A.B. asks: 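Provided herewith is a single structure, encoded as structure tokens, for subsequent inquiry.
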There are 2 protein chains.
Amino acid sequence: MARPRKPLLSRDRIVEAAGALVDAEGLDAVSTRRLAAELGVSGPSLYNHFRNKDEILDAVADAVSVQVDLSMFEESDPRDWREALHDWALSYRAALAAHPHIVPVLARGPGRRPAGLRVADAVFGAMVGAGWPPAQATRIGALMRYFITGSALGSFAGGFVDDESAYDPADYPHLGQAHLLAERRREVDEGAFETGLRALLDGLAMQYGEYGPPGESVRRAPKRP
Amino acid sequence: MARPRKPLLSRDRIVEAAGALVDAEGLDAVSTRRLAAELGVSGPSLYNHFRNKDEILDAVADAVSVQVDLSMFEESDPRDWREALHDWALSYRAALAAHPHIVPVLARGPGRRPAGLRVADAVFGAMVGAGWPPAQATRIGALMRYFITGSALGSFAGGFVDDESAYDPADYPHLGQAHLLAERRREVDEGAFETGLRALLDGLAMQYGEYGPPGESVRRAPKRP
DNA sequence: ACCTGAACACCGTTCAAGT
DNA sequence: ACCTGAACACCGTTCAAGT
């Protein structure tokens with residue numbers, strides 16, 4: 001066959017197929033040979049479009065970052081940082097939850113991934129715009145990513161086995177109901193995320209009072225901005 | 001050679017060597033052949049002691065969980081849940097930070113790993129003992145794990161490339177200083193963890209008020225269950 | 001430029017054979 | 001019981017050859 005007059009592959013086609021494979025069968029299912037077969041070509045063909053397999057997975061991860069809504073950072077009053085952060089966190093988590101198997105790649109950080117950098121840029125810019133000192137804005141970007149990727153990386157409830165005999169009361173006196181977690185997985189994980197997000201934002205709002213909103217030299221502590 | 005009169009291997013020796021390899025060169029460096037070579041045996045020998053490679057990595061992960069201090073949950077007044085949670089979080093994070101490459105395995109949850117289950121048992125038991133309703137105690141265990149493993153999984157600062165030209169101001173107007181993050185990695189990551197942990201605990205303390213301290217039979221209805 | 005098959009140096013795991 | 005080498009069905013990546 002050699003070279004066809006119209007290319008069989010493109011970066012987009014490869015990323016799409018790789019993403020589908022990751023979603024359907026997990027990261028381990030993605031081998032260059034398997035992926036190439038799925039695309040109807042031979043393994044080495046992929047190397048005409050990507051330098052290596054990691055670059056393909058990076059592109060899959062970035063395609064997920066593209067799904068994260070950032071509009072709340074442009075549209076709203078900069079002083080509504082709490083609400084913007086809340087909405088962004090929900091959107092971010094939803095994007096990751098839809099593609100859980102790629103989260104370990106995404107959690108390595110933005111690197112040179114454009115969409116990952118856009119997310120970081122938007123959050124940092126919005127926090128600085130809201131009056132947070134740059135060092136605090138950086139920390140907020142970091143701690144939000146910790147919490148969001150941590151929640152998307154491994155289901156808490158799903159991390160417990162669905163087998164009552166695994167929880168010997170002599171060893172684990174308080175885990176008598178743990179075997180029930182698995183079947184209430186969504187509920188537990190989403191509840192924990194909501195509780196944690198609210199706690200995080202409440203706590204940050206308290207700290208915001210220490211730094212104060214921009215443009216005023218004296219201010220009251222915000223109750224729940 | 002065949003079978004020696006004294007076994008060459010033991011589960012402990014294998015786990016120790018695997019852990020050292022993970023720490024030194026990362027998860028990808030652990031192959032059964034490489035690990036066996038490190039132990040002076042042939043690859044298949046490992047299968048006399050573990051069912052498969054995943055079981056070996058699970059054991060490495062559990063050896064890290066063993067390092068997590070849980071004494072604060074036994075010693076202190078149950079009402080000091082906030083301080084106990086704080087100290088536990090620091091100990092947990094320190095254990096993970098010492099072995100960052102195994103965190104992805106650990107983040108999958110306790111499964112059947114004894115030390116992982118002991119951690120979950122201690123936190124849940126302590127929160128219930130402090131007066132949190134069981135459903136909230138579960139959520140607290142979950143959200144703390146999200147935050148802690150998220151912070152240990154990927155360095156935030158280290159996730160940005162150390163190359164100024166990667167941050168075109170036209171694309172990322174607020175990331176002009178991002179290339180400096182890498183060299184202040186520890187400071188940034190630890191600062192974010194401390195800020196986030198404080199926010200989380202402050203926020204949880206606010207929610208604790210909604211449920212009320214233990215030992216009272218009448219409490220106010222929670223505003224935001 | 002873009003695909004191919006062959007090749008290299010690896011994998012995880014199974015299994016019969018050895019003591 | 002615990003180790004071995006051989007074997008199976010895979011890997012990621014390189015490269016010369018084809019059009």
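Values below: every heavy atom of this structure, side chains too, minus hydrogens, waters and symmetry copies. Within every chain, numbering begins at 1; the chains are lettered A, B, ... in the order of the sequence lines, protein sequences first and strands thereafter. Note that the structure is predicted; figures quoted are calculated from it, not measured.
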A.B. asks: Looking at DNA chain C, which of residues 12-42 of chain A put a heavy atom within less than 4.0 Å of it?
C.D. replies: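 Those residues are A/Arg33, A/Val41, A/Ser42.
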A.B. asks: Does the plane of the ring in A/Trp81 sit parallel, tilted or perpendicular to the ring in A/Trp132? Use 30° and 60° as the thresholds.
C.D. replies: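 Ring orientation, 0 to 90° scale: perpendicular.
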A.B. asks: Just by distance, with hydrogens left out, do B/Tyr92 and B/Asp69 show a side-chain donor and acceptor under 3.5 Å apart?
C.D. replies: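 Note: B/Tyr92 and B/Asp69 side chains miss the donor-acceptor criterion.
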A.B. asks: For A/Arg13, is there an ion pair with A/Glu16 - N to carboxylate O distance below 4.0 angstrom?
C.D. replies: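 Looking at A/Arg13 together with A/Glu16, the answer is no, because their closest N to O distance does not fall below 4.0 Å.
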A.B. asks: Roughly how many Å apart are D/dC3 and C/dC15, using the C1' atom of each and rounding to a whole number?
C.D. replies: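 13 Å, rounded to whole Å.
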A.B. asks: May I have the distance from A/Leu8 (atom CG) to C/dC3 (atom P), rounded to whole angstrom?
C.D. replies: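 Interatomic distance, CG of A/Leu8 to P of C/dC3: 5 Å.
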A.B. asks: Using distance alone, with no hydrogens and no angle criterion, decide if B/Ser10 and B/Asp12 have a side-chain donor and acceptor under 3.5 Å apart.
C.D. replies: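 Checked: B/Ser10/B/Asp12 side chains show no N/O donor-acceptor pair below 3.5 Å.
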A.B. asks: Can you see which heavy atom on B/Ala95 is nearest to which on B/Gln67, and at what distance?
C.D. replies: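 The answer is CB-CB, 4.1 Å.
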A.B. asks: State which residues pass salt bridge (charged side-chain N to carboxylate O under 4.0 Å, His left out) with B/Glu25; sequence neighbours excluded, sorted by chain then number.
C.D. replies: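 For B/Glu25 the salt bridge (charged side-chain N to carboxylate O under 4.0 Å, His left out) partners, ignoring immediate neighbours, are B/Arg34.
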A.B. asks: Could you tell me whether B/Phe193 and B/Phe147 have their ring centroids closer than 6.0 angstrom?
C.D. replies: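 Yes: the rings meet the under 6.0 Å criterion.
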A.B. asks: Could you note down all residue pairs passing salt bridge (Lys or Arg N to Asp or Glu O under 4.0 Å) where residues 81-108 of chain B supplies at least one of them, sequence neighbours left out?
C.D. replies: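 Non-adjacent pairs meeting salt bridge (Lys or Arg N to Asp or Glu O under 4.0 Å): B/Asp58-B/Arg108, B/Arg82-B/Asp202.
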A.B. asks: Report the secondary structure of DNA chain C in dot-bracket form, marking unpaired bases with a dot and bases paired to a different strand with |, and treating Watson-Crick or G-U pairs with both distances under 3.5 Å as paired.
C.D. replies: ||.|||||...|||||.||
A.B. asks: Atom NZ of A/Lys6 to atom C1' of D/dT19: distance rounded to whole Å?
C.D. replies: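 Roughly 18 Å, once rounded to whole Å.
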A.B. asks: If we take the P atom in both C/dA9 and D/dA9, what is their distance in whole Å?
C.D. replies: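 Their P atoms lie roughly 22 Å apart.
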A.B. asks: Name all pairs fulfilling the salt bridge (Lys or Arg N to Asp or Glu O under 4.0 Å) condition that reach into residues 156-166 of chain B, sequence neighbours left out, sorted by first residue then second.
C.D. replies: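 Passing the test, one end in residues 156-166 of chain B: A/Arg112-B/Asp163.
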A.B. asks: Contact list please: residues 44-54 of chain B against DNA chain D, heavy atoms, distance less than 4.0 Å, in numerical order.
C.D. replies: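 Those residues whose heavy atoms fall under 4.0 Å from DNA chain D, taken from residues 44-54 of chain B in numerical order, are B/Pro44, B/Ser45, B/Asn48, B/His49.
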A.B. asks: Under a plain distance cut-off of 3.5 Å, with no hydrogens placed, do B/Asp121 and A/Tyr167 share a side-chain donor-acceptor pair?
C.D. replies: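 No, because no side-chain N or O of A/Tyr167 sits under 3.5 Å from a partner of the opposite role on B/Asp121.
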